[in-house]
Amino acid sequence: MKGKELLRSRSVLPIGTVMKLTNLTARQIRYYEEQELVLPDRSEGNRRLYSLNDIDRLLEVKDYLDDGINMAGIKEIYRQRRQKQASKRHEENKPLTDSDLRRILHDEFMNLGGLDTPDQQSFRTHNPLM
DNA sequence: TTTCTAACA
DNA sequence: TGTTAGAA
């Protein structure tokens, strides 16, 4: 069951293909890389090579953006997602209650207000914690 | 031809 | 974000 994961992680798509698959412009794709939302490999000639996982990531970022979430908000979402995974790996039996999760999210959600003009409703809708 | 970086009448 | 110049 890890053969597929290996395949999905295999970076082989040039940016031109990614553009067609995601309907994003090269400019946007490169910009998201600058924001560290996607980290494609590079070929010998310094050309970007994307994997299927990268495509999913790009489409996900696109969805968030379409819903009005800004870069800061998206980074925040992935930050929380990573933090959660790390958390889950360590505290194997530290069941946070539903109210705990809501309290944590509420705190971070309020912090987002000072960043830009995040679409809070969308953030609520997409945040895995809600 | 395609992609890269850097920069902006 | 778009667009473009010059290079690879």
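In this structure, the CE atom of M19(A) is 8 Å from the P atom of dT3(B), given to the nearest Å. With rounding to whole Å, E33(A) atom CD is found 15 Å from dT1(C) atom P. Nucleotide dT2(B) holds its P atom 16 Å from the CG atom of L49(A), rounded to whole Å. Regarding E34(A), its CD atom lies at a distance of 10 Å from the C1' atom of dA6(B), rounded to whole Å. Spacing between atom CG of L13(A) and atom P of dT2(B) amounts to 16 Å, rounded to whole angstrom units. Straight-line distance from the OH atom of Y31(A) to the C1' atom of dC4(B): 19 Å, rounded to whole Å.
Taking the side-chain contact (heavy atoms from CB on, under 4.5 Å) definition, one finds that Q35(A) meets it with Y31(A), L37(A), M71(A), K75(A), sequence neighbours left out. Applying the salt bridge (Lys or Arg N to Asp or Glu O under 4.0 Å) rule to R57(A) yields no partners; only residues at least two apart in sequence or on another chain are considered. Applying the side chain to side chain donor-acceptor pair (under 3.5 Å) rule to S9(A) yields the partners N53(A); only residues at least two apart in sequence or on another chain are considered.
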Could you pull out the protein-nucleic contacts involving nucleotides 2-8 of chain C (nitrogen or oxygen on both sides, under 3.5 Å)?
unit_1: dG2(C); atom_1: OP2; unit_2: T25(A); atom_2: OG1; d: 2.9
unit_1: dG2(C); atom_1: N7; unit_2: R27(A); atom_2: NE; d: 3.1
unit_1: dG2(C); atom_1: O6; unit_2: R27(A); atom_2: NE; d: 3.4
unit_1: dG2(C); atom_1: O6; unit_2: R27(A); atom_2: NH2; d: 2.8
unit_1: dT3(C); atom_1: O4; unit_2: R27(A); atom_2: NE; d: 3.1

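Contacts classified as salt bridge (Lys or Arg N to Asp or Glu O under 4.0 Å) and involving residues 38-52 of chain A (residues at least two apart or in different chains) are given here: E33(A)-R42(A), E33(A)-R48(A).
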Hey, can you pull the donor-acceptor pairs under 3.5 Å for the side chains in residues 20-30 of chain A, sequence neighbours left out?
unit_1: T22(A); atom_1: OG1; unit_2: V18(A); atom_2: O; d: 2.7
unit_1: T22(A); atom_1: OG1; unit_2: L24(A); atom_2: N; d: 3.3
unit_1: T25(A); atom_1: OG1; unit_2: Q28(A); atom_2: N; d: 3.1
unit_1: T25(A); atom_1: OG1; unit_2: Q28(A); atom_2: OE1; d: 3.3
unit_1: Q28(A); atom_1: OE1; unit_2: T25(A); atom_2: N; d: 2.9

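Relative to the side chain of N46(A), the nucleotides dC4(B), dT1(C), dT3(B) differ in distance, and dC4(B) lies closest.
Residues M19(A) and L52(A) do not share a hydrophobic cluster, defined by chaining ILVMFWY side chains whose heavy atoms lie under 4.5 Å apart.
The shortest non-hydrogen separation linking P14(A) to Y50(A) is C-CD1, 4.4 Å.
Residue Y50(A) has no polar side-chain atom (N or O) positioned under 4.0 Å from OP1 or OP2 of dT3(B).
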Checking R82(A) against E36(A) for the salt bridge (Lys or Arg N to Asp or Glu O under 4.0 Å) test, could you report, in this order, the C-alpha distance in whole Å, the side-chain angles of both residues, the deciding distance, and whether it holds? CA-CA 14 Å; R82(A) 282 178 4 195; E36(A) 300 182 270; over 6 Å; no
Base-pair string, DNA chain C, Watson-Crick plus G-U, cut-off 3.5 Å on both distances, | for inter-strand, is .|||||||
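At distances below 3.5 Å, at least one donor-acceptor pair connects side-chain atoms of N70(A) with backbone N or O atoms of A72(A).
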